[in-house]
Q: 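Pasting in a structure now, in structure tokens, and then I'll have a few things to ask.
Atoms considered below: every heavy atom in the structure, side chains included; atoms not considered: hydrogens, waters and symmetry mates.
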Amino acid sequence: MYNTLSRSKEHFKPLNSPHIGMYVCGPTVYGDAHLGHARPAVTFDLVFRYLAHLGFKVRYVRNITDVGHLENDADEGEDKIARKARLEKLEPMEVVHHYTVRYHRNMDQLNVLRPSIEPHASGHVIEQIEMISTLLRKGYAYEVNGSVYFDVERYNGKHHYGVLSGRKVEDLVSNTRELAGQSEKRSSLDFALWKKAEPSHIMRWPSPWSDGFPGWHMECSAMGCKYLGDQFDIHGGGMDLLFPHHEAEIAQSTIANGKAPVRYWMHNNMITINGQKMGKSLGNAMSLDDIFTGTHPLLEKAYSPMTIRFFILMAHYRSTLDFSNEALQAAEKGLRKLLAAADTLKQLTPSEDAVIQGIENILQDCYTAMDDDFNSPMVIANLFEAVRIINSAKDGSLRLNAQELKLMQQLFEDFVSGILGIIPEGAAGDDKLVDGLMQTIIELRQEARQRKDYATSDKIRDNLASLNIEIKDGREGTSWQVK
RNA sequence: GGUCUCGUGGCCGAGUGGCUAGGCAGCGGUCUGCAAAACCGUGUACAGCGGUUCGACUCCGCUCGAGACCUCCA
């Protein structure tokens, strides 16, 4: 896997095989989940599923950020969640819970597995305070007016602040602007460990220094350490978190625990929309619900959660991914083709005189692709090779022997639904009543066709089409599929 | 301005020092009552300019272009 620390691909060796500890930065629950949340969630879901598939026992920790953080506009230190709460006249925890529930629903729709532990920052203030105390005791932090800051220059004496992001402290210092309200810090590079709360601040906790709230990077360090230990295998998140968030995590954990916290850092790339960065200011930010319902003005239609998942997996996680109607529709059709083949596969029967089709190689290539830094697009390319074989087997131009048919079933079970997490949507095909009705309808249409009563057969087909049911006449009979 | 990433055929998107990625769209064909689906065939793609090399889309340099971060926040 590619390790951001070394900027190269490394062979992955777990610290305590078969156990693996993985921490991923989760959402701040003050608004609906958008595309920027879907990408890391799906990316690390893939990692989680694959490592588990290989037989590792993975403890996957993904946090919920629900404590004081600053709004990026001119709110002068007002807590994001507190601000929203005041506006909507709700308790902060009510807001947090509301958006947490909605986040979970969206993730379920995307078929993202729940992490092993999903700790809330607000539930770990004590751990964070303890860690800050340790940093103070060791002399790498200082208190000013009830706030505590991390001393980056002192840290940089013995360690390298910037190992992850490839930055040098000297460069950072010379490039930093002086901002108002930062006078408490000794250096502009220092970051807050604890912030004293302003009187208007609703979310606050008592601490040895002031009533306030933990600084931005504390929660990940404290909770990662609590559940995964001083040092763990994988830490993931978006590339935008690389600096300063992850850099600060490394610094504070290294001092507090005496060793670098993480062995492999993984960062997923960002999403663009029509080639442009997604952002509120650009008016192209899309929530997942916008996409699933098709209500966003930039969308020509709704795209299902599984389409979005498939689309994300069609690109490698370290590449930027561009959203456009054209690209999404391509993904939608590709997904339909893949799922239709999965369905067809169930009906195939083995034949004795089959020529070997090389299914074993396809399966092997899928493992090779996943082993090479989780290359899901390569897996998908291989799966479409399998799709071609399945469809050819269906119309009789190819045959599969029992052994290869079994391998094919294994391929789809393991890679399509198990590892990629691609499963059929809606109630198609798994309902006995619907199946029976459809069978009857198809038979009636077949009889009409035999009588050359095409008016009737076409009417049946058209009426079903208006219900989004597609009729497919093949050599071996007629099948149907929900579009 | 600094650090870093990237620039692949109509669109999305893999990959490699010489050998087919894949999906979608297009074109031709097979099948079909027709259509759809499926299958078969089909594209002088690798930003530009130099250099290294027997050979570069793949390595090096420069130019142009795009993006991320450099500040509080995720």
Q: Ignoring the backbone of Arg167(A), work out which of C70(B), C12(B), A36(B) is nearest its side chain.
A: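 Of C70(B), C12(B), A36(B), C70(B) is nearest to the side chain of Arg167(A).
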Q: Taking OP1 and OP2 of A14(B), is either one under 4.0 Å from a side-chain nitrogen or oxygen of Ser319(A)?
A: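 Checking Ser319(A) against A14(B): at least one side-chain N or O falls below 4.0 Å of OP1 or OP2.
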Q: For the residue pair Phe374(A) and Tyr317(A), categorise the inter-ring angle as parallel (less than 30°), tilted (30 to 60°) or perpendicular (more than 60°).
A: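 Perpendicular: the ring planes of Phe374(A) and Tyr317(A) meet at over 60°.
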Q: I'd like to check the side-chain contact (heavy atoms from CB on, under 4.5 Å) partners of Ala38(A); sequence neighbours left out, ordered by chain and number.
A: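 Leu110(A), Leu288(A), Ile312(A).
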Q: Please state the C1' separation for the pair A37(B) and A47(B) - nearest whole angstrom.
A: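 Taking atom C1' in both A37(B) and A47(B), they lie 39 Å apart.
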Q: Classify Gly31(A) by what it touches in the nucleic acid, base, sugar-phosphate, or nothing, heavy-atom distance under 4.0 Å.
A: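 No contact at all - Gly31(A) keeps every heavy atom at 4.0 Å or more from the nucleic acid.
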Q: Ignoring the backbone of Phe243(A), work out which of G13(B), C69(B), C4(B) is nearest its side chain.
A: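 So the side chain of Phe243(A) is nearest to C69(B).
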Q: If we require ring centres under 5.5 Å and near-parallel planes under 30°, does Phe384(A) stack on G23(B)?
A: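 Here the ring of Phe384(A) and the base of G23(B) are not stacked, as the 5.5 Å and 30° limits are not both satisfied.
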Q: Mind telling me whether His245(A) and His217(A) have parallel, tilted or perpendicular rings, with 30° and 60° as the class edges?
A: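 Ring orientation, 0 to 90° scale: tilted.
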Q: Please measure how far the C1' atom in U42(B) lies from the corresponding atom in A35(B), and state the result in whole Å.
A: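 These two C1' atoms come out 23 Å apart once rounded.
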Q: Taking for each residue the nucleotide of RNA chain B with the nearest heavy atom, is it Ser457(A) or Ala327(A) whose nucleotide lies nearer the 5' end?
A: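 This one resolves to Ala327(A).
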Q: Taking atom P of A35(B) as reference, at what distance in whole Å does atom CG of Asp458(A) sit?
A: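 Distance check: Asp458(A) CG to A35(B) P gives 11 Å.
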Q: Does any non-hydrogen side-chain atom of Asp66(A) lie less than 4.5 Å from one of Thr100(A)?
A: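 In short, these two side chains do not touch, never coming nearer than 4.5 Å.
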Q: Let me know, please, whether Asp322(A) or Glu385(A) comes out on the 5' side of the other along RNA chain B by nearest nucleotide.
A: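 The residue mapped nearer the 5' terminus is Asp322(A).
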Q: Could you measure between the two P atoms, the one in G18(B) and the one in G2(B), and give it in whole Å?
A: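 My reading of the P atoms in G18(B) and G2(B) gives 35 Å.
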Q: So, does Arg388(A) get its side chain near the phosphate of C40(B), meaning an N or O under 4.0 Å from OP1 or OP2?
A: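 Answer is yes, contact under 4.0 Å.
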Q: Calculate the interatomic distance between Leu321(A) atom CG and A68(B) atom P; express it in whole Å.
A: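 Those two atoms, CG and P, are 15 Å apart.
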Q: Take atom CD1 of Ile460(A) and atom C1' of A36(B), then tell me their distance rounded to the nearest Å.
A: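 From Ile460(A) CD1 to A36(B) C1': 16 Å.
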Q: Suppose you measure atom P in C49(B) against the same atom in U58(B); what distance do you get, rounded to whole Å?
A: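 Taking atom P in both C49(B) and U58(B), they lie 12 Å apart.
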Q: Please measure how far the P atom in A38(B) lies from the corresponding atom in A25(B), and state the result in whole Å.
A: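 The same atom, P, in both gives a distance of 9 Å.
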Q: Between which residue ranges does RNA chain B form stems of three or more consecutive Watson-Crick or G-U wobble pairs, both distances under 3.5 Å?
A: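 B:1-7 with B:64-70, B:10-12 with B:22-24, B:26-30 with B:38-42, B:47-51 with B:59-63 - these are the stems of 3 or more pairs that involve RNA chain B.
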Q: With the side chain of Tyr454(A) defined as its heavy atoms from C-beta on, choose the nearest nucleotide among A21(B), C12(B), G33(B).
A: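 Nearest to the side-chain atoms of Tyr454(A), counting from C-beta on, is G33(B).
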Q: With a cut-off of less than 4.0 Å, is there a side-chain N or O of Asn391(A) near OP1 or OP2 of A37(B)?
A: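 False: Asn391(A) side-chain N/O out of range (4.0 Å or more) of A37(B) OP1/OP2.
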Q: Check whether any side-chain nitrogen or oxygen of Lys333(A) sits under 4.0 Å from OP1 or OP2 of A25(B), and answer yes or no.
A: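 For A25(B), OP1/OP2 do have a side-chain N/O of Lys333(A) under 4.0 Å.
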Q: For Tyr103(A) and His37(A), take the angle between the two ring planes, folded into 0 to 90°, and tell me which bin it lands in: parallel under 30, tilted 30 to 60, perpendicular over 60.
A: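 Perpendicular: the ring planes of Tyr103(A) and His37(A) meet at over 60°.
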Q: Test for a donor-acceptor pair under 3.5 Å between the base of C24(B) and the side chain of Arg336(A), counting only N and O atoms.
A: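 No such pair is found, so the answer is no.
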Q: Take atom CZ of Phe323(A) and atom C1' of C24(B), then tell me their distance rounded to the nearest Å.
A: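 It is 16 Å, rounded to the nearest whole Å.
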Q: By nearest atom, which of the nucleotides U3(B), A21(B), C24(B) is closest to the Ala381(A) side chain?
A: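 Nucleotide nearest to Ala381(A)'s side chain: A21(B).
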Q: Tell me the interatomic distance from Asn463(A), atom CG, to A35(B), atom P, rounded to whole angstroms.
A: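 Going from CG in Asn463(A) over to P in A35(B) covers 20 Å.
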Q: Counting only side-chain heavy atoms from C-beta out, which of A14(B), A38(B), C34(B) sits nearest to Ala315(A)?
A: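 Nucleotide nearest to Ala315(A)'s side chain: A14(B).
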Q: Give me the ring orientation class for Tyr142(A) and Tyr149(A): parallel if the planes are under 30° apart, tilted from 30 to 60°, perpendicular past 60°.
A: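 It falls in the tilted class, 30° to 60°.
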Q: Quote, to the nearest angstrom, the C1' distance that separates C24(B) from A56(B).
A: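 The answer is 30 Å between these two C1' atoms.
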Q: Contact class for Ser392(A) (heavy atom, under 4.0 Å): base, sugar-phosphate, or nothing?
A: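 The answer is sugar-phosphate, as Ser392(A) gets under 4.0 Å only of primed atoms, P, OP1 or OP2.
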Q: Which whole number of Å gives the distance between the C1' atom of G51(B) and that of U8(B)?
A: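 Taking atom C1' in both G51(B) and U8(B), they lie 22 Å apart.
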Q: Within a reach of under 6.0 Å around NE2 of His97(A), are more than 12 heavy atoms found that belong to other residues, nucleotides or ligands?
A: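 12 or below, so no.
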Q: When you check the phosphate oxygens OP1 and OP2 of C24(B), does a side-chain N or O of Lys337(A) lie under 4.0 Å from one of them?
A: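 Checking C24(B) against Lys337(A), a side-chain N or O does come within under 4.0 Å of OP1 or OP2.
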Q: Closest to the Ala330(A) side chain: C4(B), C70(B), G23(B)?
A: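 Of all the options, the side chain of Ala330(A) is nearest to G23(B).
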Q: Given the C1' atoms of G23(B) and G15(B), what is the spacing between them in whole Å?
A: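 Here G23(B) and G15(B) have their C1' atoms 16 Å from each other.
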Q: Hey, is the side chain of Arg461(A) pairing donor to acceptor with the base of A36(B) inside 3.5 Å?
A: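 No, the side chain and the base share no sub-3.5 Å donor-acceptor pair.
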Q: Hey, does the Lys NZ or Arg CZ of Arg62(A) hover above the aromatic six-ring of Phe44(A), less than 6.0 Å from the centre and inside 45° of the axis?
A: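 Cation-pi check for Arg62(A) and Phe44(A): fails.
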Q: Parallel, tilted or perpendicular: which describes the rings of Tyr367(A) and Tyr50(A), with under 30° parallel and over 60° perpendicular?
A: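 Tilted: the ring planes of Tyr367(A) and Tyr50(A) meet at 30° to 60°.
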Q: For the side chain of Arg7(A), starting at C-beta, report the closest nucleotide among U32(B), C4(B), C11(B).
A: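 Selected nucleotide: C4(B).
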Q: Tell me if the side-chain of Asp473(A) makes a donor-acceptor pair with the base of A35(B), cut-off 3.5 Å, by modelled atom types.
A: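 Flag set: donor-acceptor pair detected.
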Q: Please work out if Asn375(A) contacts a base, only the sugar-phosphate, or nothing of the nucleic acid, heavy-atom cut-off 4.0 Å.
A: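 Sugar-phosphate contact only.
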Q: Round to a whole Å and report the spacing from OH of Tyr303(A) to C1' of C24(B).
A: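 Those two atoms, OH and C1', are 12 Å apart.
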Q: Taking the inter-plane angle between the rings of Phe323(A) and Phe311(A) on a 0 to 90° scale, is it parallel (under 30°), tilted (30 to 60°) or perpendicular (over 60°)?
A: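 Because their plane-to-plane angle is over 60°, the rings of Phe323(A) and Phe311(A) count as perpendicular.
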Q: For Arg445(A) and G33(B), give me the distance from atom CZ to atom P, rounded to whole Å.
A: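 The answer, rounded to whole Å, is 11 Å.
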Q: Provide, to the nearest angstrom, the distance between the CZ atom belonging to Phe310(A) and the C1' atom belonging to C12(B).
A: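 For the pair Phe310(A) CZ and C12(B) C1', the rounded distance is 12 Å.
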